[in-house]
Participant: 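Sharing a structure, written as structure tokens. Questions coming.
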Amino acid sequence: FMFSVKDPASHTFFIVLPVAMLYAFVMYSRFASTRWFPVAARIYIVLGLLFHTGMGLYRGTHCSVYTNRDVAVRAITEKNYRILGVRRADEWGYGY
């Protein structure tokens with residue numbers, strides 16, 4: 001969607017994902033018979049797990065809704081979503 005004039009729509013990811021995964025599997029199948037591929041795949045999986053664990057811990061303590069729960073509760077009780085921040089649709093003038 002970076003070079004598209006359309007806004008990203010989540011349902012298109014479900015449509016395009018099988019095609020992208022099939023293409024990736026076909027391309028990676030060429031390397032699957034080499035000696036280094038299983039080792040590299042394990043390393044990438046471990047690094048991915050470490051990265052996502054670290055990112056989850058960081059975002060859980062710094063960017064979580066529950067760290068600023070009082071602000072979210074105030075936005076719900078006042079029925080004013082602007083307390084939580086500016087929405088792109090409002091900024092672009094579309095609104096909901």
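Numbers here simply count residues along the sequence, with the first being 1.
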Participant: Does the plane of the ring in F31 sit parallel, tilted or perpendicular to the ring in F37? Use 30° and 60° as the thresholds.
Facilitator: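 Judged by the thresholds at 30° and 60°, the geometry between F31 and F37 is parallel.
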Participant: R59: which residues meet the side-chain contact (heavy atoms from CB on, under 4.5 Å) condition with it, sequence neighbours left out?
Facilitator: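 Here the qualifying residues are M55, C63.
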Participant: Can you list everything that forms a ring-ring contact (aromatic ring centres under 6.0 Å, His included) with F51? Sequence neighbours excluded, please.
Facilitator: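 Per chain and number, F51 pairs via ring-ring contact (aromatic ring centres under 6.0 Å, His included) with no residue.
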Participant: Taking side-chain contact (heavy atoms from CB on, under 4.5 Å) as the test, write out the residues that go with A75, two or more places apart.
Facilitator: I83, L84
Participant: Would you list the atom pairs, donor with acceptor, under 3.5 Å between side chains in residues 14-29 and any protein atom, with sequence neighbours excluded?
Facilitator:
from : atom 1 : to  : atom 2 : distance (Å)
S29  : OG     : V26 : O      : 2.7

Participant: Which ILVMFWY residues are connected to V39, directly or by a chain of links, through side-chain heavy atoms under 4.5 Å apart?
Facilitator: I43, L47
Participant: For H62, check ring-ring contact (aromatic ring centres under 6.0 Å, His included) against everything at least two apart and list the hits.
Facilitator: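 H62: ring-ring contact (aromatic ring centres under 6.0 Å, His included) contacts with Y58.
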